[in-house]
Amino acid sequence: MPSVTYSSTRGGQKNLDFRTVVMTGLARDKGLFVPDAIPQVTKDELESWRTLKYPDLAVKVISKFVQEDQVPAEKLEDIVKRSCAAFRHEDVTPVVSVGGHKILELFHGPTFAFKDVALQMLGNFFEYFLETGSNGGRLAVLGATSGDTGSAAIYGLRGKKGIDCIILFPRGRVSPIQERQMTTVQDSNIHCVAIEGTFDDCQDLVKASFNSPEFRERVKLGAVNSINWCRVLAQTTYYFWSYLRVTDDVALREAKVSFSVPTGNFGDILAGFYSKQMGLPVGKLLVATNENDILHRFFTKGEYHREPIAKSISPSMDICVSSNFERYLFFLAGNDSSKLAEWMNTFEETKKLTITGDLLEQAQSDFSSARADTKMTLETIRNYSENYGYVLCPHAAVGVNAIHQTGDVHESMVSLATAHEGKFPSAVKQAVDPLPTPPEQLANLLDLPTRVSECPNDLEAVQEFMQQRIDERIAAETL
Ligand SMILES: *Cc1c(COP(=O)(O)O)cnc(C)c1O
């Protein structure tokens, strides 16, 4: 059976293979790559996966999308298993029962946030594709970060052959722990750059670099942002895993399992949606937002209307548009790329997309939603700490607050805990005092030596810096 093929949501690129989609990231027509067909998992097959350990389950789920004609089976197994081995917990993403529902702990990876699940795997796929001829064997990954993405990318790419990873962050505006997680990595292929400016300035520098064709080609620019299909794919495994752990309980064996997902760019919950389409018995998918609630407004009123960013205590969900949402809109448009392109044009021109009638009903049957502001989030953190001795991070608390708001607290409800509370001490301290002892790896960060460069907020300066670093590394490799 040949592997799944992919096309752009906007119709400009069709029938691409997994390798091309992973190496390209964003389609040339600015659309996102989506699978042309969703592989199915039967009930018997799912049941036969019950006894598998997480890494073996991950191989089964991912090989539904990536077959022998793309990556040889033993290579795929090696990539997937090495990605799982980077986690501190044997179950990779353990499921615990707290307060009458389940919590799926996604924070046992190197940077204590769920993005590790995807970026460990993406790093290993990049390395394999470069080794086997893609891109002439070189890739310069450029990203901007205000927090979690930068460190997860750095840990996914450190030491990888053929790859340079350049992460721009706004000088003095990233939390001390997040900055240290990036700048204490000593591998010579990692280049952290503090920019004299804001996060938006950093993002503009990245965008402008991708929009300079000559530079892009010369340095072999690549991206790790959340629109890469590989990231969504990697995340599907933990929906299968947590479904199986919930239904290990014979009383719940026939239950549909629901998920509450603290959401920003819609990448995490989208993996749940694809899992459901593959045949996983999923009940509700609950979109949980903070004050940046464009998705909550969409699922309650049909209004996908852009508003300015509000600063919250769950910074990794502070977005004004959701970069992965286009993949769901494509589904809602009945996989019609011209209709989707029209919607996206309307949105790009007016900052507004409104749906009504049957479409809104369809969206509301696919997802429900809730919004938790700072006060509600802190209350949930305090409540869980006092009543269950379980300390939630501010992102996870948004998801847990959502199930209390919607009355969905039951044993087949899984709330996704996307980061470790120890990463957000100043927010958590407002609800829990004294704070729990932080994990050693986070506590130690403050004593480790750092490596960081500084650059003005200037495109030419940044591009020159990148070229210089890449040249130095190529020279060192050929010595
Ligand atoms: C990135 C992130 C999120 C949001 O995930 P999306 O895929 O963007 O919806 C939530 N929590 C944490 C801790 C994150 O780092």
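Note that ligands are numbered from 1 as they come in the structure, with each ligand's atoms numbered from 1 the same way.
Cation-pi check for Arg158 over Tyr155 is met; the charged atom lies under 6.0 angstrom from the ring centroid and within 45 degrees of its normal.
Residue Val141 is tested with Leu221, Ile154, Val224 for a side-chain contact (heavy atoms from CB on, under 4.5 Å); the sole match is Val224.
For Trp229 and Tyr274, the ring centers are positioned less than 6.0 Å apart.
Residues forming a side chain to side chain donor-acceptor pair (under 3.5 Å) with Thr149 (at least two apart in sequence, or on another chain): none. In terms of the side chain to side chain donor-acceptor pair (under 3.5 Å) criterion, residue partners of Gln178 (sequence neighbours excluded) are, by chain and number, Asp148, Ser175. Qualifying side-chain contact (heavy atoms from CB on, under 4.5 Å) partners for Asp366, counting only residues two or more places apart in sequence or in other chains: Phe273, Tyr328, Phe331, Gln362.
When heavy-atom distances to ligand 1 are checked against 4.0 Å, the residues falling inside are Phe114, Lys115, Asp148, Pro262, Thr263, Gly264, Asn265, Phe266, Gly267, Asp268, Ser316, Met317, His395, Thr418, Ala419, ordered by chain and number.
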